[in-house]
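On a predicted model such as this, the values are computed, not experimentally measured, just so you know. What you see below is based on every heavy atom in this structure, not just the backbone, and it leaves out hydrogens, waters and symmetry mates. Chain naming here is simple, since letters A, B, ... match the order of the sequence lines and numbering starts at 1 in each.
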Protein chains: 4
Amino acid sequence: MVRRMPPLSPSKRTGRPRSADADRAILAATREALAELGWGGLTLGDVAARAGVAKTTLYRRWPGKNELVVDALAALFEERLELPDLGSLRADVQGVVLRFARLLNLPETRTALMAVFAEATQDEALRQRIREAIVERQKLLVLTGRQRAQKRGELPPDDGEADPRRDDMIFDVVAGSVVHRVLVSSEPVDEEWADRLALLLVGGLAALS
Amino acid sequence: MVRRMPPLSPSKRTGRPRSADADRAILAATREALAELGWGGLTLGDVAARAGVAKTTLYRRWPGKNELVVDALAALFEERLELPDLGSLRADVQGVVLRFARLLNLPETRTALMAVFAEATQDEALRQRIREAIVERQKLLVLTGRQRAQKRGELPPDDGEADPRRDDMIFDVVAGSVVHRVLVSSEPVDEEWADRLALLLVGGLAALS
Amino acid sequence: MVRRMPPLSPSKRTGRPRSADADRAILAATREALAELGWGGLTLGDVAARAGVAKTTLYRRWPGKNELVVDALAALFEERLELPDLGSLRADVQGVVLRFARLLNLPETRTALMAVFAEATQDEALRQRIREAIVERQKLLVLTGRQRAQKRGELPPDDGEADPRRDDMIFDVVAGSVVHRVLVSSEPVDEEWADRLALLLVGGLAALS
Amino acid sequence: MVRRMPPLSPSKRTGRPRSADADRAILAATREALAELGWGGLTLGDVAARAGVAKTTLYRRWPGKNELVVDALAALFEERLELPDLGSLRADVQGVVLRFARLLNLPETRTALMAVFAEATQDEALRQRIREAIVERQKLLVLTGRQRAQKRGELPPDDGEADPRRDDMIFDVVAGSVVHRVLVSSEPVDEEWADRLALLLVGGLAALS
DNA sequence: CCTTAAACGAGACGGTACGTCGCGTCTTTCA
DNA sequence: TGAAAGACGCGACGTACCGTCTCGTTTAAGG
């Protein structure tokens with residue numbers, strides 16, 4: 001979860017504390033409104049109303065729509081992305097691709113993820129926030145998967161140190177391909193497609209070494 | 001170029017004809033404003049002002065911001081994407097990746113492409129327009145590149161008919177990876193990265209057959 | 001009537017002209033809302049709604065609540081204040097006092113006049129606007145009444161030129177007394193009170209000469 | 001001084017007593033803020049901050065802005081209005097007019113007095129409060145001045161009982177004229193103007209009898 | 001001296017109105 | 001009759017104060 005606006009003085013102990021219920025209600029309302037109205041239709045006033053909260057309360061915690069949505073998405077990525085060991089690199093890749101595609105097919109994700117990426121191209125702070133809340137979490141999966149494959153002997157062990165360039169590229173390829181398939185081409189990501197992508201990657205990785 | 005709004009009566013010939021200058025000025029102004037202000041800051045009123053044109057004139061030709069921007073981008077994709085024969089599949093892939101990345105790094109593209117994709121997730125007509133104006137053009141490159149490689153003998157010839165699933169996947173992987181690298185990870189796409197992606201793909205393609 | 005915000009370029013002839021209906025509807029709605037809710041309860045959003053007009057239309061014509069209300073009051077002063085010749089100075093004074101008191105007892109005037117005076121103490125432009133729209137109109141009555149009394153021989157003719165100091169003082173005394181009686185003391189201004197004030201003034205004027 | 005909100009249980013003796021310093025600090029801060037920002041710009045939050053006091057403390061003592069300001073003004077009227085015997089009715093009137101005008105020219109009074117009058121037209125309780133805190137104090141001056149003049153023989157003695165109608169009218173005329181001169185006409189009240197007003201009144205009073 | 005209960009500072013809270021901005025439509029005049 | 005100019009209805013924006021509400025802390029009086 002990304003850090004939101006702190007009470008102005010970082011850790012003062014005085015005054016009425018912020019309501020944790022409000023936080024939860026706002027994020028839930030955000031996801032609900034996203035699913036219902038899409039990014040373009042989402043209104044901070046509406047979110048506040050759904051959450052049973054005043055607009056000011058919302059603005060006290062998040063500087064704007066972008067940051068709020070990033071945090072709302074972050075919660076989803078937090079609970080939905082994991083990488084069970086499926087026995088082989090190919091199966092692991094297929095698994096994560098399917099999981100990620102399923103996440104992208106939620107109505108709140110479909111409409112919002114591209115939108116915050118788009119906003120982020122003009123806003124470094126937002127980019128940073130996305131990186132922390134979403135991207136790094138996904139990258140971790142690549143790292144885990146690669147190490148697991150090395151332990152299994154499917155990939156050669158690192159001599160000395162791991163090559164971050166390789167992990168980064170794999171990450172861009174996996175995430176980018178799935179996002180593009182789902183949100184641009186709007187074609188389904190089924191088991192077969194996921195498996196063929198896994199095959200392509202495993203084959204390509206061999207060529208890379 | 002995507003079809004814009006036709007003059008209401010398709011074949012009436014009377015009255016003052018629409019100015020073609022206005023069209024060009026509007027699209028140029030759109031690109032300029034995109035580069036300067038980004039998608040979020042782009043205003044149709046501002047575009048009209050830059051183009052020296054009344055807002056009405058603009059709305060007579062395009063239904064809204066989304067469609068206008070798609071057309072403005074389409075022109076860029078039209079003139080910037082081509083695939084010279086570089087002698088090998090790997091070089092061809094590297095070439096198209098570099099070209100595409102360069103296109104994505106234009107300020108008007110950076111900010112606008114993701115945004116229209118995002119809008120399109122909620123708007124089938126827009127999705128169709130994007131497909132015609134942008135996506136199909138890119139897909140053609142994959143087709144061309146694959147056929148060239150088959151002619152060279154780098155890939156096995158199709159028995160009977162081509163497999164569109166394979167072309168589609170390659171397209172999603174190439175386009176998705178580059179977009180993600182440039183716009184999400186915001187890391188540079190240099191010759192080395194492009195070559196390594198090409199290597200991965202060529203290696204993977206072998207495994208796929 | 002006070003001049004409102006002019007279309008930015010003073011006398012351009014182009015574009016859709018401002019609706020005169022809107023002007024009338026807005027001023028009427030303002031008076032209605034004032035009477036119903038009082039100055040403090042009056043909301044520009046509410047006025048716009050009553051007038052069947054968008055808030056922006058209202059702000060295009062008046063810079064704010066103060067100026068709008070001054071104009072709305074000005075219309076009342078325009079139509080309600082006149083000075084019929086009642087035959088003697090004393091009767092004329094009594095007449096104008098009664099008329100003025102009746103005007104101040106309208107619910108829209110009661111609540112609004114003091115409020116704009118109060119606002120004006122901090123805002124020279126507003127003060128100027130009030131002077132033009134309201135005060136000068138009242139001062140004119142003093143001038144007329146004095147000249148009439150001189151013609152009748154009730155007051156000595158001016159030797160050479162009129163003394164503006166005398167007119168100004170009479171004006172402050174009449175207007176101030178009535179306003180104070182009605183709005184501060186909140187006692188009624190009936191024929192008897194008005195006559196006694198007239199008597200006081202006529203007697204005092206003799207002493208002043 | 002008007003009574004403010006009492007501690008809820010009227011005669012309980014337990015608990016921490018209210019700080020008298022806070023009272024003084026709040027009223028002083030109110031006057032300061034009034035002088036600086038005017039009625040419209042005065043904010044209870046700002047007053048509390050200037051007084052070094054929490055908003056709650058302020059609301060515990062006064063129900064709102066109106067009442068607070070009335071009390072703040074009342075203190076001024078208490079200390080500033082007195083009527084030294086200047087030897088004649090005319091001089092006494094001139095004296096009180098000058099004193100009153102000087103009071104109205106204080107920045108805190110200029111802006112606030114009209115404003116609370118305006119608020120009071122819609123709020124009987126506030127009107128009552130103003131009467132007690134401000135108006136009655138001024139009326140007393142009229143009473144004193146009249147009695148003094150009667151003692152001197154400048155005015156005929158009351159046969160039996162005093163006529164309150166006469167005192168009330170004089171009060172409305174004096175207070176109203178000065179307020180109007182200073183706050184509406186925004187012309188100076190100098191010795192000459194004050195003397196001419198006194199002359200007018202003394203002359204008029206003779207006519208009234 | 002120690003309890004106890006109210007006052008206190010701080011600041012979050014639900015509201016309401018603000019004045020602005022951009023949208024997409026409309027009504028003018030001009031060429 | 002198309003185009004410029006700009007007013008219009010609409011709806012969201014982000015801000016400012018309002019008056020209320022929790023908190024934890026302080027402070028006098030009374031047991």
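Toward the 5' end of DNA chain F, the nearer of the two residues B/Thr57 and A/Gly45, judged by each one's closest nucleotide, is B/Thr57. The residue among D/Gly64 and A/Pro17 whose nearest nucleotide of DNA chain F is located toward the 5' end is D/Gly64. With the nearest nucleotide of DNA chain E identified for both C/Arg16 and A/Arg16, A/Arg16 has the one nearer the 5' end. Remark on DNA chain E: of its neighbouring residues C/Thr43 and D/Ala20, the 5'-side contact belongs to D/Ala20, judged by nearest-heavy-atom nucleotide.
Between the D/Thr43 side chain and the D/Gly45 main chain, no donor and acceptor come within less than 3.5 Å of each other. Checking side-chain atoms of C/Thr30 against main-chain N and O of C/Ala72 turns up no donor-acceptor pair under 3.5 Å. Although no hydrogens or angles enter the test, the distance criterion places no donor-acceptor pair under 3.5 Å between the side chain of B/Thr111 and the main chain of B/Glu108.
OP1 and OP2 of F/dG2 both lie 4.0 Å or more from every side-chain N or O belonging to B/Arg61. Remark: A/Thr14 is not in phosphate contact with E/dG9, judged by side-chain N or O atoms under 4.0 Å from OP1 or OP2.
When the P atom of F/dA4 is taken as reference, atom CG of B/Leu58 falls 10 Å away, rounded to whole Å. A/Lys65 places its NZ atom 15 Å from the C1' atom of E/dC21, with the value rounded to the nearest Å. The interatomic distance linking A/Tyr59 (OH) with E/dG11 (C1') rounds to 21 Å, in whole Å. Going from atom CG of A/Leu44 over to atom P of F/dC13 covers 5 Å, rounded to whole Å. Distance A/Lys55 NZ to F/dG14 P: 8 Å, rounded to the nearest Å. Atom CH2 in A/Trp39 sits about 16 Å away from atom P in F/dA12, given to the nearest Å. E/dT25 atom C1' lies 19 Å from atom CH2 of B/Trp62, rounded to whole Å. Atom CD1 of A/Ile26 is separated from atom C1' of E/dG14 by 12 Å (rounded to the nearest Å).
Distance CZ/C/Arg61 to OG1/C/Thr56: 10.0 Å, rounded to 0.5 Å.
Nearest to the side chain of B/Ala54, among F/dA3, F/dA4, E/dC8, sits F/dA4. Of all nucleotides listed (F/dG14, F/dA7, E/dG9), F/dA7 comes nearest to the side chain of C/Arg60.
The residue D/Gly52 sits close only to the backbone: its heavy atoms come under 4.0 Å of sugar-phosphate atoms, none of a base. At a threshold of 4.0 angstrom between heavy atoms, the contacts of A/Thr56 include nucleobase atoms, whether or not backbone atoms are also involved.
Looking at C/Asp123 and C/Arg127, no side-chain N of the basic residue comes within less than 4.0 Å of a carboxylate O on the acidic one, giving no salt bridge.
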